[in-house]
Amino acid sequence: MQDRVDIFDTSLRDGEQAAGSRLDVREKLDIAHQLARLNVDIIEAGFPQSSPQDFEAVHALCSEIDGPVICALSRAVLADIDRCGAALKAGKRTRIHTGLGVSDIHVMGKFGDAKYGKTMAEKKARLLKMAVAAVRHAKGFTPDVEFYAEDSGRADRAFLFEVLQGVIEAGAIVLNIPDTTGYAVPEQYGALIREIRTKVPGADKVTLSAHCHNDLGMAVANSLAAVLNGARQVEGTINGIGERAGNAAIEEVVMALRTRRDVFNVDTRINAKEFYRTSRMVAEAMHMSVPPNKAIIGSNAFAHSSGIHVDGVLKQRATYEIMSPDDVGMGESRVVLTARTGHHGLKHRLEKLGHRLTDSELDRVYQRFLIVADKKREVFDEDLTAIMRDEIHPVPETFRLESLQTMGGTGTIPTATVRIRQGEKVHQQAACGDGPIDAAYSAISLATGITVKLTGYDIRAISAGTEAMGEVTVRLEPKKGSAVTGRGASTDIIEASAKAYLDGLNRIVAERG
Ligand code: KIV
Ligand code: ZN
């Protein structure tokens, strides 16, 4: 049996069926180009009979996308298949994916008596004929025809096997065995694939495809069980998007096959370094953000936080990582600094920021770090820079805010009056502005005699409640010299803003020497 598994991406068809999602043709094309860079084997581009947009998307992908086979979905209905044929006309390598429901629940629930017969047996006989006719008809458009036996996961085996044998004889070269409702468990789904391969005449000559849904969170596990039992195509979507709880996440399937090659003994053609980019592109286009803890491509997938883990990873990455973030295009592992991060993790991050500290300096910084980490979920590099500034390189306070008075509100001109001490001298100035903060900044510039350009302003709460401390960070560009950041904290955000501005000015004065 071949030792390669084909990856069939249905993000643009089954994935797009996720509630609340719709991709236009341009978005489908952009994603398809990225899927081609990812090197998926097949892209299912849409269901042409379902809407003019789907027809157009399949048509556009056929003209623009090189590399992967472009596939169109249809029911086992001749008119649907004609629409697929027309949409795929311009394609070099194309596939028609046709099929129908085979479980007793589908047979009795979806196919009405008038057209398909009254009894289960009548309906099944009719459906078998339709399946065979659909495949034969599709073969008139392309040699590459895949048949899906919808709801195989819950189907009666005898009928499923009969249909599969019929469509193999009619020329289907890929048999898709969908667990449409995500009902199967790995042992059972794997056994189903094995039985099909060994019991359905001709099944060992065609490709068996796993198509698993995630209703019980087992789509990836079921797909992998299928591979272990002889499936050589896996269908899935990027980020696992899709109907209800979604489809098998391609990035998880591929990285499991790769990381545990010792178990699966198969390869794919996927260029895994493109996973991260593809994931973000799909998330953005579908307006479905990736949860941080999502396997393989979540923002925390390679983030380490607890002291023991950080220490281990910094000594030897493999202690707590089974893959490298670089393998999936995510750059480096991330050490997330939290209250649980030990000395070693903090020291390592400070060194990366260019700070080499003595043991006693590190102790001092660590104590401040713990205070900040207690208030915040994550301590960022800018926080460390601020801590370093305060603890190790404090800036002389050339100017100190003695008082600040502002006036604002609807129908008034915002004004501010400041008193600033510079050694023995006290400067007092007033100014107007676009708002009280702008007015305060103008008054401070007049009082200190330093004019700068404000190129960044950020405010955030550093404690909870209505009396929360606000912390303001500003970026100031002096006329000469490099830009500086200033910080100030207060329960009054205008005061915090003024303090941040003065902190920045003090820094500029210190750098001038
Ligand atoms: O889940 C399913 O059964 C499907 C088929 C239409 C292939 O998506
Ligand atoms: Zn599906």
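For the single chain, residues carry numbers from 1 onward in sequence order. Each ligand, and each atom within it, is numbered from 1 in the order the structure gives.
- Put simply, D14 gets within reach of the Zn ion (ligand 2), with an N, O or S atom under 2.8 Å from it.
- Contacts of T180 with ligand 1, taken as heavy-atom pairs under 4.0 Å, involve both backbone and side chain.
- Under a 3.5 Å cut-off, the side chain of E146 and the backbone N or O of L175 do not form any donor-acceptor pair.
- Residue contact check: P178 has heavy atoms under 4.0 Å from atoms 2 (C), 3 (O) of ligand 1.
- Every N/O-N/O distance between N176 and ligand 1 stays at or above 3.5 Å.
- Close placement of the H97 and F8 rings is indicated, their centers lying within 6.0 Å of each other.
- Across R13, K28, R83, a single residue satisfies salt bridge (charged side-chain N to carboxylate O under 4.0 Å, His left out) together with D54, and that is K28.
- Contacts of R13 with ligand 1, taken as heavy-atom pairs under 4.0 Å, involve the side chain alone.
- In terms of distance to the Zn ion (ligand 2), the nearest N, O or S atom of H213 is named NE2.
- Of the options R75, H211, E150, E235, the smallest heavy-atom separation from atom 4 (C) of ligand 1 is shown by H211.
- Remark: of the listed residues R26, Q34, E27, R26 is the sole one forming a side chain to side chain contact (heavy atoms under 4.5 Å, CB included) with D30.
- Formation of a donor-acceptor pair under 3.5 Å by the T319 side chain with backbone atoms of K315 is not found in this model.
- Considering backbone and side-chain N/O of H213, one or more are found under 3.5 Å from N/O of ligand 1.
- H211 and H213 have tilted rings, their planes meeting at an angle from 30° to 60° on a 0 to 90° scale.
- Per-residue contacts place D14 under 4.0 angstrom from the following atoms of ligand 1 (heavy atoms of the residue considered): 8 (O).
- T341 contributes no side-chain N or O that, together with a main-chain N or O of G345, makes up a donor-acceptor pair within less than 3.5 Å.
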